[in-house]
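Report on one structure; see the data block that follows.
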Amino acid sequence: MRMSKILNCLLSSIIIFLLCFIWIVYCLKDRTIAFALSAIVTLASGYLIWKSLSRFEQGKKLKQTKKSNVAKLSEYLRFNENNAELFADMLRYYRFEVTPVDYDNLIVSKNDSTSYVALRFAKDSVTKDELCKAVVSAKRAKCSKLYVFSNKIDSATVNLAEKYLHTVTVDIANTYALLDNCEKLPSLPKSAQRKSSVIASYAFNRRRFGLYLLSCLFMLAVSVVAYFPWYTMGWATVNFILAMYSLLNTRYNTPPTNITLD
């Protein structure tokens, strides 16, 4: 794997140098300046490509995994029969004393302050009526604060509730972060892998990297003797961009360990 990364980085750097050199010579007509500038760009690009190959896939996978897990948590909370039990464990971790009201509501206390917790995950966004009912329930329970956990909530609706009771809202992304922080996340179902277009998977797979590089080199060689060099130089640049995308993208380069047997 490391040798492959070295080879890919080396080939990319060579092509970057040739592209820059030919473009600069064509524009400035000075080979010394072209060589110096191309060397600088190549060194900087080679470093960035090396770092990208090491971190790009890992960072993108982590981001996609978190986004997917947040969506799965939202779906889980929609269909879970007792969200109060799950959130009671989380709130106890944050040193609240918890008294469940029903499956979707709790009363918590901390530092001589009592708060009402409303769990509203049945819909994409909390409605005005739902929030009004939560405010009324909190006031009836003599609570000084209302926490509303939901998938999403409109700021205008929150401002309305705030007029009558101090209201704190927590959306699904922050809910996920709170549960994850105290290791109280439920077991989330595995989602089906998204299938990419067959044509795109073929065109932008890492196996096409060498083909695009060869096309780029061919176009560069033709541009030296071509009557309209800018045309072939442009196509060489396009092929190089395709080569780099094929090498670095994670959408069409599925890791060999991600397999299903169904």
Side-chain angles (χ1 to χ4, degrees), residues 58-194 258 260 262:
Q58 182 180 4
K60 191 169 183 179
K61 286 173 187 173
L62 289 174
K63 185 177 180 180
Q64 290 177 339
T65 299
K66 183 177 179 180
K67 185 177 180 180
S68 174
N69 286 340
V70 168
K72 286 189 284 187
L73 176 63
S74 175
E75 182 179 345
Y76 175 89
L77 294 173
R78 283 175 187 265
F79 296 97
N80 188 35
E81 72 277 8
N82 192 352
N83 286 332
E85 182 180 6
L86 171 65
F87 279 80
D89 288 341
M90 180 192 76
L91 292 166
R92 291 189 185 100
Y93 174 86
Y94 292 105
R95 299 180 181 178
F96 284 95
E97 293 183 9
V98 181
T99 303
V101 176
D102 54 34
Y103 296 136
D104 295 301
N105 300 278
L106 310 98
I107 294 175
V108 298
S109 59
K110 184 179 183 181
N111 300 328
D112 298 325
S113 176
T114 304
S115 304
Y116 196 87
V117 179
L119 310 174
R120 301 293 183 267
F121 295 100
K123 301 177 182 179
D124 291 334
S125 181
V126 175
T127 65
K128 179 180 176 181
D129 288 343
E130 286 179 319
L131 194 57
C132 288
K133 290 178 182 178
V135 170
V136 172
S137 297
K139 294 177 76 172
R140 287 175 177 172
K142 310 298 182 183
C143 296
S144 59
K145 184 186 295 187
L146 170 65
Y147 289 95
V148 180
F149 289 81
S150 63
N151 292 307
K152 184 181 178 182
I153 189 165
D154 180 71
S155 58
T157 307
V158 177
N159 293 335
L160 176 62
E162 189 70 34
K163 293 180 182 179
Y164 301 96
L165 185 67
H166 180 38
T167 304
V168 178
T169 60
V170 185
D171 63 11
I172 189 63
N174 287 307
T175 299
Y176 178 89
L178 289 170
L179 288 167
D180 187 37
N181 184 56
C182 61
E183 298 181 350
K184 301 296 183 181
L185 277 172
S187 298
L188 301 174
K190 294 183 179 180
S191 57
Q193 296 290 325
R194 182 179 62 177
N258 289 354
T260 57
D262 51 11

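Remark: side-chain polar atoms of Asn159 are paired, donor with acceptor, to backbone N or O of Ser155 under 3.5 angstrom. In this structure, Ser144 contributes its side chain and Thr114 its backbone to a donor-acceptor pair below 3.5 Å. Judged purely by atom type and a 3.5 angstrom limit, Glu130 uses its side chain to pair as donor or acceptor with the backbone of Thr127.
Taking CG from Leu77 and CZ from Phe121, the interatomic distance works out to 5.0 Å, rounded to the nearest 0.5 Å. Residue Lys72 holds its NZ atom at 11.0 Å from OG of Ser187, rounded to the nearest 0.5 Å. Interatomic distance, OG of Ser74 versus CG of Asn69, reported as 12.5 Å (0.5 Å rounding). Separation of atoms CE (Met90) and CD (Glu183) is listed at 14.5 Å; rounding is to 0.5 Å. Rounding to the nearest 0.5 angstrom, the gap separating the CG atom in Leu119 from the CG atom in Leu86 is 8.5 Å. Separation of atoms CG (Asn111) and CD (Glu97) is listed at 10.0 Å; rounding is to 0.5 Å.
In this structure, Asn105 and Arg120 have side chains that are in contact, with non-hydrogen atoms separated by less than 4.5 Å. The shortest distance between side-chain heavy atoms of Asp171 and Ile153 does not fall below 4.5 Å. Between Leu179 and Thr175, some side-chain heavy-atom pair lies under the 4.5 Å cut-off. By the 4.5 Å heavy-atom criterion applied to side chains, Ile107 and Val101 are counted as neighbours. Within the 4.5 Å cutoff, no side-chain heavy atoms of Lys152 are placed close to those of Ile172. Considering only heavy atoms from C-beta on, Cys182 comes within 4.5 Å of Tyr94 through its side chain.
With sequence neighbours left out, the side chain to side chain donor-acceptor pair (under 3.5 Å) criterion links Asp180 to no other residue. A search for side chain to side chain donor-acceptor pair (under 3.5 Å) contacts involving Thr169 returns nothing, not counting sequence neighbours.
Asn83 and Arg78 form no side-chain donor-acceptor contact under 3.5 Å, judged by distance and modelled atom types alone. A donor-acceptor pair shorter than 3.5 Å cannot be found between the side chains of Tyr176 and Asn181.
In the displayed structure, Glu162 atom CD is contacted under 6.0 Å by more than 12 heavy atoms of other residues, nucleotides or ligands. No more than 12 heavy-atom neighbours from other residues, nucleotides or ligands sit within 6.0 angstrom of OH on Tyr164. Sparse packing is recorded around NZ of Lys123, with 12 or fewer heavy atoms of other residues, nucleotides or ligands lying under 6.0 Å away.
Between Val126 and Ser150 the shortest heavy-atom distance is CG2-CB, 3.2 Å. The two residues Ala138 and Leu146 have their closest heavy-atom pair at CB-CD1, 4.3 Å. In this structure, Asp104 and Ala84 approach most closely via the heavy-atom pair N-CB, 4.2 Å.
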Item to check | Stepwise side chain to side chain contact (heavy atoms under 4.5 Å, CB included) check, Leu131 with Val148 | outcome: CA-CA 8 Å; Leu131 194 57; Val148 180; 3.6 Å; yes
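Here the two rings, on Tyr116 and Tyr147, have centers that are 6.0 Å apart or farther.
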